[in-house]
Amino acid sequence: MDRQTARKALDSKISILPALQKMQRPHKGWIKAVREALGMNSKQLAARLGVSPPRITALEKSETDETMTLASLRRAAEALDCALVYSFVPKGGSLDAVLKVRARAAAAKIIGHVDHTMRLEAQNLEAGALEEEIETLAAQLIYEKSKSIWENNL
């Protein structure tokens, strides 16, 4: 499967997720928030997980500290009769949009260097032509699967 096909397949799977990007983890963490909402105390959750009650406090703290493993989070979710949903949600709405924004930024930087040199020689492009060149180069960078768009210096 080529990159474009893989990107479109992933975009299709995650197309329902952008609305979730705005959802924030409860300040006390999902484990504690769900446990309390269900009316379950730490001792009861500990029994369901087969651990000691102090381990629940540590588990809830590790979630809020973002130091817990996905496996631990999954076990806690199952003990709370919940499913753990794990995904990356592209900030641009889709992976294709993320790629296009990054390619455009890379193209603008490349064209900007060239335009600066041409400006010194009074041969720079007009604004409309400059934008057209950036868009053309961005499309070319995507088509060529250029790794340069992900270089740190861009």
Side-chain angles (χ1 to χ4, degrees), residues 1-38 45 49 55-154:
M1 180 181 314
D2 70 2
R3 288 182 188 161
Q4 184 176 9
T5 303
R7 196 168 52 251
K8 287 186 186 291
L10 277 173
D11 275 343
S12 176
K13 285 182 179 181
I14 61 179
S15 64
I16 62 168
L17 299 176
L20 297 176
Q21 188 173 5
K22 294 178 180 124
M23 184 172 55
Q24 298 292 317
R25 179 185 71 210
H27 73 279
K28 54 187 164 185
W30 286 108
I31 298 169
K32 188 170 186 173
V34 171
R35 177 179 60 73
E36 289 177 348
L38 292 173
L45 180 57
L49 281 170
R55 179 69 187 116
I56 298 304
T57 303
L59 191 67
E60 291 172 348
K61 182 171 178 3
S62 70
E63 180 194 359
T64 59
D65 292 345
E66 298 182 355
T67 58
M68 82 180 324
T69 66
L70 284 173
S72 294
L73 192 57
R74 184 177 316 282
R75 284 192 302 276
E78 289 171 3
L80 293 164
D81 290 331
C82 293
L84 174 65
V85 178
Y86 175 82
S87 180
F88 287 0
V89 180
K91 291 179 182 177
S94 70
L95 295 172
D96 198 47
V98 168
L99 183 63
K100 286 177 181 175
V101 166
R102 184 62 184 201
R104 190 181 188 299
K109 187 166 185 174
I110 293 165
I111 297 291
H113 289 305
V114 172
D115 188 57
H116 175 72
T117 302
M118 291 176 73
R119 189 176 302 123
L120 294 174
E121 299 171 5
Q123 298 175 1
N124 60 309
L125 297 171
E126 292 182 24
L130 183 63
E131 284 301 312
E132 193 174 309
E133 287 295 321
I134 290 170
E135 293 302 323
T136 300
L137 180 56
Q140 184 180 356
L141 290 172
I142 292 170
Y143 178 76
E144 292 175 353
K145 302 173 188 163
S146 176
K147 293 178 184 169
S148 65
I149 66 172
W150 297 109
E151 295 298 324
N152 288 334
N153 58 353
L154 293 177

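Within the structure, the salt bridge (charged side-chain N to carboxylate O under 4.0 Å, His left out) test picks out the following pairs touching residues 82-96 (sequence neighbours left out): Arg7-Asp96, Asp96-Lys100. Residue pairs satisfying the side chain to side chain donor-acceptor pair (under 3.5 Å) criterion with at least one member in residues 71-80, sequence neighbours excluded, are listed as follows: Thr69-Ser72, Ser72-Arg75.
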Between Leu80 and Ile31, is a side-chain contact (heavy atoms from CB on, under 4.5 Å) present by the stated rule, with each step listed? CA-CA 8 Å; Leu80 293 164; Ile31 298 169; 4.2 Å; yes

Would Leu49 and Leu59 count as a side-chain contact (heavy atoms from CB on, under 4.5 Å) if you check the C-alpha gap in whole Å, the side-chain angles of each, and the deciding distance to 0.1 Å? CA-CA 11 Å; Leu49 281 170; Leu59 191 67; 3.9 Å; yes

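Scanning for side-chain contact (heavy atoms from CB on, under 4.5 Å) contacts around Ser15 gives an empty result, with sequence neighbours left out. Every residue two or more places apart in sequence or in another chain that forms a side-chain contact (heavy atoms from CB on, under 4.5 Å) with Ala77 is listed here: Cys82, Leu84. Take Lys8 and apply the side-chain hydrogen bond (donor to acceptor under 3.5 Å, both in side chains) test, not counting sequence neighbours, and it matches no residue. Checked against side-chain contact (heavy atoms from CB on, under 4.5 Å), Tyr86 has the following partners two or more places apart in sequence or in another chain: Leu70, Phe88. The salt bridge (charged side-chain N to carboxylate O under 4.0 Å, His left out) check on Arg25 picks up Glu66, with sequence neighbours excluded. The salt bridge (charged side-chain N to carboxylate O under 4.0 Å, His left out) check on Lys28 picks up Glu36, with sequence neighbours excluded. Residues satisfying the side-chain hydrogen bond (donor to acceptor under 3.5 Å, both in side chains) criterion with Glu135, sequence neighbours excluded, are Arg104. Listed by chain and residue number, Lys61, Thr67 satisfy the side-chain contact (heavy atoms from CB on, under 4.5 Å) test with Asp65 (two or more places apart in sequence, or in another chain). Checked against salt bridge (charged side-chain N to carboxylate O under 4.0 Å, His left out), Glu63 has no partners two or more places apart in sequence or in another chain.
The distance from atom CD1 of Ile14 to atom OG of Ser94, rounded to the nearest 0.5 Å, is 7.5 Å. Atom CG of Leu10 is separated from atom CZ of Arg3 by 13.5 Å, given to the nearest 0.5 angstrom. The distance from the OG1 atom of Thr64 to the NZ atom of Lys32 is 9.0 Å, given to the nearest 0.5 Å. Expressed to the nearest 0.5 Å, how far CD of Gln140 lies from CD1 of Ile110 amounts to 9.5 Å.
Minimum heavy-atom separation, Ile149 to Ala106: CG2-CB, 3.7 Å. Closest heavy-atom contact between Ala107 and Leu141: N-CD1, 4.0 Å.
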